[in-house]
Each structure stands twice: as C-alpha cells, then as structure tokens.
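Have a look at the structure below, then the notes.
In the text below, chain A, chain B and the rest are named by the order of the sequence lines, each starting its count at 1.
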Amino acid sequence: MLKLEGVDAKYDSFKALDGVSLEIDAGELVVLLGANGAGKTTLFNTISGLMKPAAGRITIDGKDVTGRKPSALVQAGVVQCPEGRKLFPGMSVLKNLRLGGYVHRRDRAGMNRTLEHILAMFPILEEKKDQPAGSLSGGQQQMVAVGRALMGRPKLLMLDEPSLGLAPLVVKQVFETVQSINAEGTTVLLAEQNAYAALKIANRAYVIENGKLVMQGDREEMLGNEAVRKAYIGA
Amino acid sequence: MDLFLQQVLNGLTLGSIYGLVALGLTLVYGILHVPNFAHGALYMVGAYVCYFTMSDLGLNYWVAIAAAAVVVAALSVICERLVFHPLRHAPPIHDKIAAIGILLFLEAVVQMYWGADFRRIASPYNQILDIGGLTLPAQRLLIIVGAFSLMGALHLYLKKTMTGATIVAMAQNREGAFLVGIDANRVAMMTFAIAGALAAVAAGLFAPINLVYPAMGHLVLLKAFVIIILGGMGSIPGAIIGGLIIGFSEALGGFYLSSTYKDVIAFVLLVVILSIKPTGLFTKGVR
Ligand SMILES: Nc1ncnc2c1ncn2[C@@H]1O[C@H](COP(=O)(O)OP(=O)(O)OP(=O)(O)O)[C@@H](O)[C@H]1O
Ligand SMILES: [Mg+2]
C-alpha cells in the first residue's frame, strides 16, 4: 500500500534520509527501529508531506504522491500521530477529536460513529471530553493524539514513538491499543525505541541508522538477530 | 456622575472600534506569527471605499460599508497571496519589512488618486438619543451595537463551525493542523479576508464621527498593537477586552486628565501593564 523508492530528505545541506526504500502491505503492522537522531521522525514527516523529499518517489496504492501537500496525504488515507502529539492545547478534547475528522467533515454520521468508537476505546476521554486537551496528563494526551489520528479513518496509521515519556503501565496499554487498531484492519507503521514491546506486536521491522535503512526482517528474525538485540533490546 | 457615564459611553464607542481592528490583527498574528503592519492601511482603504461608494456612486451607508468589507477583504487576500505567501519560508523580518512596504504602497496609491484632503462621511443617523439623561448620538449607538454584533458573530464562527475551528487550530499548533488535513492556504486566505473585512467595517462605522485621510490608519494601528500586546498576542478575548481597556482609559483620561494627551494614555498603560505582567493579560500557560 505504501512504497518508498530511494527517498532522500535534507535539512539545508544535511542529508537526514539517504536512499530510503521500503514497502508496506495492506493490513501489516510494521515497526521502524532507530536510535535518537536516526531519522524516524524525518521519515514520517516526509511521508506525511510536511517535508518534501529531495529525491526519490513515494506511492500509495500505486499512485504517485511525491511532494504532495499534507492535506492531500490525509485525504489519501495516510495519517500520522506525531511525536510530541501536536494537539490543539486550548481546545476541548472533543474538538481535537472532531478536527481529526476534518477531511470527513461532510460525512457527519460517519464522523459520529468513529467518534463513538474512539470514546469507547478510551473511556477516560469520554469523561474529559469538555476539558482543554492541554490540561490532560501525558498519557491521556497521547490517547487524544491517537484518537485524533483515528478520526481521519486512516488506511495507513503512522505512530511516532507513542510510548515516549509514559509510565510502563500506560505504555502497555498503548501497545495493546495499537495492536487492536491493526486487528481492525488499519495498516500501521510504528516508530519505536521500545524495541522489544514493539517487535512483539509487529509483523515486520526495519532498522534505520543515520538516515539509511540498514536491516529488515520479520518479527522472529528481528527478535533473534544478535545486532538488533544488542543495539535496541539491550540483552 | 452623568459626566462619568457619558465618558463610559464614549469609551465603549472607541473601545469597540479598536477591538474590531485589534481582532483582525490578532487573528492574522496567529497565522503569520508576525505583526501585520499593513493592517492600518487596510482600515484606511476601507474608509475611502466607504466614502466614495457614498459620494460618487450615491449609494446608501450600509451598502457602502458592505462594499468596503468586500473590497478590503479581497485586497487583504491579495496581500496574502502576493506578498506573505511567497515569504512563508523566509525569516520573520522579511514579513515585517514587506508589511511596511504594503502600508506605504497603499497610502501612496490612495494619496495619488484621491489626494491628501481630509474628508468626512455624513452619518445617515443624526438623531441624538436621550437615555436617562445621557446623550448618545445615534451613530455612536450604531458603532457599539454594530461592533459587538460582529464580535459575537466572529465568536460563533470560530467556536461553532468547522472552518472557524481550522483558524484556531492553525494558531494553536501549525503542524498539528497540517496533520489533520487542514489546508494552510485556505486558512491563511480566510483569515486575511476576515481581518480585512473587520478593519473595513470598523473604519466605515467610525468614519462619520472622524475624518478620512491617507494617514488615518497610523494611530489606530499603533493602538491596536498596544491592545494585542496587552491582551496577549493571538488571544481573541484579549483583543476585545484590551480594546475596551484602551477605549475607556482614553475617554476617561482625555476628559479628566488632559485631552491633549489622550493618545499617549494607551502607551503609558502598555508600559505599566507590561512591567507588571510581561506576557500580556490573557496569555495562558498552554501556548
Ligand atoms: N529541523 C531540523 N533541522 C536540522 N536538522 C534536523 C532537524 N530535525 C532533525 N534534524 C536532524 O536530522 C536527523 C534525524 O532526526 P529525526 O528527528 O528524524 O530523528 P529521530 O529518529 O526521530 O530521533 P528521536 O528518536 O530522537 O525522535 C538528526 O541528526 C537531527 O539532528
Ligand atoms: Mg523522532
């Protein structure tokens, strides 16, 4: 469903992505592993259209979307739940979620159904729905961020380190949620440093280092790989 | 007491005009993140369009205000497309310089076509109302009612509609807005159009009790800046309340202290408030 061929991305003259090629099939849950500064966020932002690739090609279901605007990508079904959440802090939780469905704004009934589904998934948000998103705890804000992304009814959901800064119990909950979203049919690309937990729910994984994809394999291969264990699992 | 209430009414008139101008400025600030110095020139053009729609085309005051709103909204969008949009990746200083450029350009064009004469729009409502011993010229009542209805309408638009929410979303988190699929261009154009229309209506409402001339936007713009700095850059309630604070202090100060110095009062207030609360009155911790 998503295919990158030789994608480069630059911050001025610094090449943050170097010839990245990857492919994700519909229904998969793929993990992107990489240390701090490896280029995970850059890769996500390039796919989302926040950054224009300096070279290469990006296609979705065979359609070329290279260099398209972020709004066009959301329309095409690629939605990112970004690092740092990027919520609208002064707006209520409900408003944040509704804005997540901005591209479906003409389909009110559909939007309300998705909203109900999300509130059922995160009951705490139902309770807090009229509070400003900025007043919630980190874990709750992460739920709003995931919920907001789901409101876009993504075909491909990209999650950039959703467990960052959360308590272990909440992290577990986040991974369970990601797994159930995938089980419901959404393709997921998940960037994580929490490699063990991420790999456990993944079909496949890529490893990124200094802007280059250096390794890929399915769950068992990755979990069994000496280098991966050393670098990302620490065992 | 009556004299005091009279000044309160005057303050309300001034404050509602300043509030309208400041609202546009603060909305654009939320999108552009730089102060739009050209906003005062848009206000001035609004007054001229209003004046000539009435004097040359012989149309009614309300039609003239509507025409001014439409023309200035379009002009504001043109400024966004032609000047600010191409500069979106440039350092902020470029936007500021460009905004001053627009200001000078519009003033020069107006002066070239219509000269530097002072003009006056005749109010269609010359009645003086008597409210419990207070005299209120109908035009002033019109200003107060008109300005506050417009603020109310804007509030509803921003709070209750999806398109209105995109403007607020963009101001609160730009990348977040992109990631839900909000189109930056659409929001920018919409914001500039609204800001332009607000400035034009403010000018049209105010013109019958004021003068129309090419530099008429300067002082209003400076005060609008004071207001949004007071109220917190980008804050909408801040712009309205800040407008009222400046309006009241100008009316009361001008009456009880010195009318010669009434224009200085806003700036004195700015210095005082910023030394007590440097972030402005309405900035919350979240942004
Ligand atoms: N705005 C920027 N300007 C310049 N360089 C940047 C910018 N953002 C990221 N970089 C650089 O690009 C490289 C990749 O950064 P990126 O944020 O994509 O890493 P990451 O894998 O997401 O890291 P983390 O796990 O810390 O989030 C890093 O070397 C970083 O310093
Ligand atoms: Mg990152």
Note to self: Classify the ring geometry of B/Phe206 against B/Tyr18: parallel below 30°, tilted from 30° to 60°, perpendicular beyond 60°.
What the structure shows: perpendicular
Next item on the list: Using a cut-off of under 4.5 Å on heavy-atom pairs, state which of A/Gln75, A/Arg98, A/Met91 scores highest against chain B.
Entry: A/Met91
Next item on the list: Measure from the side-chain N and O atoms of A/Lys40 to the backbone N and O of A/Gly34, and report whether any donor-acceptor pair falls under 3.5 Å.
Entry: yes
Next item on the list: Select, from A/Leu99, A/Asn96, A/Val103, A/Val78, the one with the greatest count of heavy-atom pairs under 4.5 Å involving chain B.
Entry: A/Leu99
Check: Which of parallel (below 30°), tilted (30 to 60°) and perpendicular (above 60°) describes B/Tyr29 and B/His33?
Finding: perpendicular
Checklist line | Residue part contacting chain B, namely of A/Leu87, when any heavy atom lies under 4.5 Å | finding: backbone
Next item on the list: Check each atom of B/Ala184 against the heavy atoms of chain A and say whether the ones under 4.5 Å are side chain, backbone, both or neither.
Entry: neither
Next item on the list: Please confirm whether A/Arg148 makes a cation-pi placement over A/Phe88, using NZ or CZ under 6.0 Å from the six-membered ring centre and within 45° of the ring normal.
Entry: yes
